[in-house]
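Numbers here simply count residues along the sequence, with the first being 1. On a predicted model such as this, the values are computed, not experimentally measured, just so you know.
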Amino acid sequence: MADEGLFLLLHEMVTGVYKSAEQVEVENGRCITKLENMGFRVGQGLIERFTKDTARFKDELDIIKFICKDFWTTVFKKQIDNLRTNHQGIYVLQDNKFLLLTQMSSGKQYLDHAPKYLAFTFQINFKNKG
C-alpha cells in the first residue's frame, strides 16, 4: 500500500489545505489542526476496517503487537523496526525507512515544511473490544 503514489497524494492534500487557507487568510495552526483531524479520521477508518474480523485484544501489548506486525505490514509492506517502552504505558514505534517521510529527510531545505506533513499522521485510538 505504501508507495510513491501515497507520498504524492499526501503532498497534494497538504498543499490543498494550505492553498485554501491562503484564500481566506487562515492562520497556520488551523491548517495543522485540520490535517491532524484528517489523519485521526483516516487512522480510525483503517483500524476499524482491519480489526472488524479479529478476536478481542486481551491487553495493551496485544494491541501494540497488532500495530507492529499486522497493521504496519499491511499498510507499509514491512514490520516496525524497533519497539520500545518506558514501562509506564508509553510505547515508541520506530520505522527507520518510513516511506512517507524518507524523501523529506534527504535535505535541510525541507525542515520548514516538515511539520505540515507530520501533522497528518495515522493517529490510532484503540478501544479494547469487549
ask   = At what distance, to the nearest 0.5 angstrom, does CG of L35 lie from CD1 of I32?
value = 6.0 Å
ask   = How about F50 and V75: do any of their side-chain heavy atoms sit closer than 4.5 Å?
value = yes
ask   = With a 4.0 Å cut-off, would you call K78 and D95 a salt bridge?
value = yes
ask   = Roughly how far apart are W72 CH2 and L83 CG, rounded to 0.5 Å?
value = 11.5 Å
query = Rounded to the nearest 0.5 Å, how far apart are CD1 of I63 and OH of Y91?
reply = 8.5 Å
task = Kindly give the heavy-atom pair with the smallest separation between T73 and C68, and that separation in Å.
result = OG1-O, 4.4 Å
inquiry  = With rounding to the nearest 0.5 angstrom, report the CD to OG1 distance, E12 to T15.
reply    = 5.5 Å
message = Rounded to the nearest 0.5 Å, what separates atom NZ in K69 from atom OG1 in T74?
response = 13.5 Å
message = Once rounded to the nearest 0.5 Å, what's the spacing between atom CG of L46 and atom CD of E48?
response = 9.5 Å
